[in-house]
Amino acid sequence: MKKMNVLSAIAFSSVMLVACGSNDDESNESEALPEEVEKQPENDLMDDQASGEIALEHVNHLVFEIGQRVAASEEEHLAGQYVKVQFEQLDLDTDVQDFTYTLDEDDESFESENIVGYKQGDSNEQIIVGAHYDSVSEGLGADDNASGVGVMLEAAERLQDSQTPYSIVFVGFGAEEVGLQGSSHYVNEMADEEIDHTVGMINLDSLIAGDKMYVHGSEGEDGFIRDLALEIAGELELDLEVNSGSNPDYPEGTTGDWSDHAPFNQAGMPYAYFEATNWDIAELDGYTQTEEHGSIWHTENDTLDAIEERFPGRVEERLSTFSTLLTEVLKSLD
């Protein structure tokens, strides 16, 4: 999600068997929901897959097999169960964090869940990596945010047999699009000791449609994850940049509190935020993703077909860059 100011946002306060064939027209109409979550085949040739290919498999599944994943819908639940199964296949210590939330004066309650996968590292100090798996009711949420989930799952798989300096907590957040509900609940449930042992949070949101690839981060010394990502990108010749600070409301290298990094930032935890957009056009706030076609997120154009038609090769390039970058950052943070 983009552009929901967290101060106003917080005021808003079964398992399936997936058919093997894909839905070629990416229809939004739901058919009878299957009963058991598909497990991705174990891939002994992972090292032979180009960076981004694993992420694309997950994006395809979320977009073609599940479709729209509106908060509190059955499809959102199925997407969460899909993430859970992937974590379990990777032998992560997996947990489901159920929560309820309300949105308006009617005080109606809704249910969603965060899916948590824990990887022990050399230290009990931890890095949290998060991506929301819900979507809005326009388009199919390919960019926002199947892309973030796909990159998170690829990094988790590539690091499965690696010992990392810090422990890693991978989280699929529910109900982001209705006020950062999942990430807000997650932070609210963190004990003071856990917050103290959290080195930082990396947020992955809307990675494949924008004109440029960005990493944002906390101000000052707390922006060390962003700075490391830029260093790695330079070494690997990855096309990554930061907000230049042309808009005085968002100093160079930073961003606004409008995605799942916001609750962590407000609780004093350093963050980094990967996204693809364009901070050099329109209002200079990153809301307008592309010069040629405007914003993709939250529109009917947020489908793989539409993105690939308008920007041939962009999906693969973005998934490759962000998957490589996230994996290397998690291996290098020390």
Side-chain angles (χ1 to χ4, degrees), residues 1-6 9-10 12-13 55 58-59 61-63 66-73 75-84 86-87 95-101 103 110-117 128-156 169-189 201-210 216 255-266 271-277 289 296-298 302 319 322 326:
M1 184 192 88
K2 183 79 170 179
K3 296 299 141 190
M4 178 172 287
N5 185 297
V6 74
I10 291 176
F12 279 114
S13 296
H58 294 299
V59 172
H61 182 92
L62 292 168
V63 169
I66 298 179
Q68 288 180 349
R69 305 169 302 280
V70 176
S73 69
E75 289 79 8
E76 189 208 31
H77 174 70
L78 294 174
Q81 291 298 298
Y82 176 78
V83 173
K84 177 177 179 287
Q86 306 316 308
F87 285 166
D95 188 31
V96 176
Q97 186 183 63
D98 298 309
F99 62 91
T100 61
Y101 62 93
L103 291 180
F110 300 89
E111 296 181 355
S112 186
E113 54 200 10
N114 295 325
I115 312 300
V116 183
I128 297 172
V129 179
H132 74 89
Y133 58 86
D134 63 312
S135 70
V136 297
S137 58
E138 293 184 86
L140 294 177
D143 179 48
D144 187 11
N145 186 36
S147 64
V149 175
V151 167
M152 176 178 69
L153 291 175
E154 171 158 339
V169 186
F170 297 99
V171 188
F173 293 117
E176 188 265 3
E177 297 289 4
V178 289
L180 315 183
Q181 302 293 339
S183 53
S184 296
H185 178 81
Y186 187 93
V187 171
N188 288 338
E189 291 296 303
M201 187 269 181
I202 301 174
N203 181 32
L204 312 167
D205 196 350
S206 302
L207 303 180
I208 57 176
H216 312 296
T255 187
D257 274 354
W258 45 58
S259 184
D260 282 319
H261 62 283
F264 295 87
N265 183 38
Q266 292 187 339
Y271 76 89
Y273 172 21
F274 297 160
E275 70 169 346
T277 185
Q289 290 175 284
I296 304 301
W297 46 43
H298 295 196
D302 192 1
L319 290 177
F322 283 118
L326 178 62

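Both backbone and side-chain heavy atoms feed into the values below; hydrogens, waters and symmetry mates do not.
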Are the aromatic ring centres of His132 and Phe173 under 6.0 angstrom apart? no
dist Phe99:CZ -> Glu189:CD (nearest 0.5 Å) comes out at 11.0 Å
Do His58 side-chain atoms and Val83 backbone N/O form a donor-acceptor pair below 3.5 Å? no
Minimal non-hydrogen separation, Ile115 against Gly80, with atom names: CG1-O, 3.4 Å
Ignoring hydrogens and angles, tell me if any N or O in the side chain of Glu113 forms a donor-acceptor pair with the backbone of Asp98 under 3.5 Å. no
Apply side-chain hydrogen bond (donor to acceptor under 3.5 Å, both in side chains) to the pair Glu111 and His77, showing each step before the final yes or no. CA-CA 9 Å; Glu111 296 181 355; His77 174 70; over 6 Å; no
Any chance the rings of Tyr271 and Phe264 have centres within less than 6.0 Å? no
Between Ser135 (side chain) and Arg69 (backbone), is there a donor-acceptor pair under 3.5 Å? yes
Are side-chain heavy atoms of Val116 and Val169 found at a separation under 4.5 Å? yes
Would you tell me whether Ser206 and Asn145 have side-chain atoms, one donor and one acceptor, within less than 3.5 Å of each other? no
Side-chain donor or acceptor of Asp302 paired with backbone N/O of Asp144 under 3.5 Å: yes
Considering non-hydrogen atoms only, spot the tightest contact between Val171 and Met152 and give its length. O-SD, 3.5 Å
dist Glu75:CD -> Ile66:CD1 (nearest 0.5 Å) comes out at 8.5 Å
Under the side-chain contact (heavy atoms from CB on, under 4.5 Å) rule, what do Ile202 and Leu204 come out as? Steps first, then yes or no, please. CA-CA 7 Å; Ile202 301 174; Leu204 312 167; 4.1 Å; yes
In terms of side-chain heavy atoms, does Glu76 have a donor or acceptor partner in Ser112 at a distance below 3.5 Å? yes
For the residue pair Ala71 and Ala175, what are the closest heavy atoms and their distance? CB-CA, 3.9 Å
For a quick test of reading the model, state the closest non-hydrogen atom pair linking Ala142 to Val59 and the distance between them. O-CG1, 4.4 Å
Between Gln289 and Asp143, does a side-chain hydrogen bond (donor to acceptor under 3.5 Å, both in side chains) hold up when you go through it step by step? CA-CA 11 Å; Gln289 290 175 284; Asp143 179 48; 2.9 Å; yes
Where Ala209 and Ala276 come nearest, the two heavy atoms and their spacing: N-CB, 4.5 Å
Roughly how far, to the nearest 0.5 Å, is the CG atom of Leu153 from the NE2 atom of His61? 10.5 Å
For Gln181, does its backbone N or O pair with a side-chain atom of Ser184 as donor and acceptor, under 3.5 Å? no
Going by distance alone, is a donor N or O of one side chain under 3.5 Å from an acceptor N or O of the other, for Asn114 and His185? no
How about Val149 and Leu62: do any of their side-chain heavy atoms sit closer than 4.5 Å? yes
Atom of Phe322, atom of Glu275 and distance for their closest heavy-atom approach: CZ-O, 3.5 Å
Decide yes or no for Val129 and Leu326: does some side-chain heavy atom of the first lie under 4.5 Å from some side-chain heavy atom of the second? yes
